[in-house]
Amino acid sequence: MTYSRADVAAAIDHTLLKPEATTDQVLALLAEANQLGVGAVCISPCMLPLPDELLDDGIELCTVIGFPNGTVDPRIKGA
């Protein structure tokens, strides 16, 4: 089976999870995601919410819970 560049890009989560990431860096990540046509963008929850128009249709937005080591109290994860 042969996969196109678009097929591969759509399977990628474009991610920026550095604690020191700035708003400008996240905006650049979103622009790059639109250009590449990735399947999703993953950012820290402190950067949410984002305006819907920043990501092209078909690109999902995801975040993490308890990153990087997962030691957050489960009650917080479920909130």
Asker: Sequence neighbours excluded, which residues qualify as side chain to side chain donor-acceptor pair (under 3.5 Å) partners of Asp24?
Answerer: none
Asker: Could you tell me the separation between the CG atom of Leu55 and the CG atom of Asn34, rounded to the nearest 0.5 Å?
Answerer: 5.5 Å
Asker: Measure the spacing between CG of Leu29 and SG of Cys42 and express it to the nearest 0.5 Å.
Answerer: 9.5 Å
Asker: Can you list everything that forms a side chain to side chain donor-acceptor pair (under 3.5 Å) with Asp7? Sequence neighbours excluded, please.
Answerer: Ser4
Asker: Restricting to pairs with a member in residues 43-54, which pass side-chain hydrogen bond (donor to acceptor under 3.5 Å, both in side chains), not counting sequence neighbours?
Answerer: none
Asker: If hydrophobic clusters are built from ILVMFWY residues whose side chains come within less than 4.5 Å, do Leu61 and Leu27 share one?
Answerer: yes
Asker: Can Lys18 and Gln25 be said to form a side-chain contact (heavy atoms from CB on, under 4.5 Å), step by step?
Answerer: CA-CA 10 Å; Lys18 295 188 310 185; Gln25 289 173 321; 3.9 Å; yes
Asker: Cluster partners of Phe67, using ILVMFWY side-chain heavy atoms under 4.5 angstrom, listed by chain and number?
Answerer: Leu17, Val64
Asker: How many angstroms lie between CG in Asp56 and CD in Gln35, if you round to the nearest 0.5 Å?
Answerer: 10.5 Å
Asker: Please list all pairs meeting salt bridge (charged side-chain N to carboxylate O under 4.0 Å, His left out) that have one or both residues in residues 28-44, counting only residues at least two apart or in different chains.
Answerer: none
Asker: Just to verify, which of Thr63, Asp13, Ile59, Leu16 counts as forming a side-chain contact (heavy atoms from CB on, under 4.5 Å) with Val41?
Answerer: Ile59
Asker: Going from CG on Leu36 to NE2 on His14, what distance comes out if it is rounded to the nearest 0.5 angstrom?
Answerer: 5.5 Å
Asker: For Glu60, enumerate each residue passing the side chain to side chain donor-acceptor pair (under 3.5 Å) test, keeping only those at least two apart in sequence or located in another chain.
Answerer: none
Asker: Could you tell me the separation between the CG atom of Leu54 and the CG atom of Leu30, rounded to the nearest 0.5 Å?
Answerer: 6.0 Å
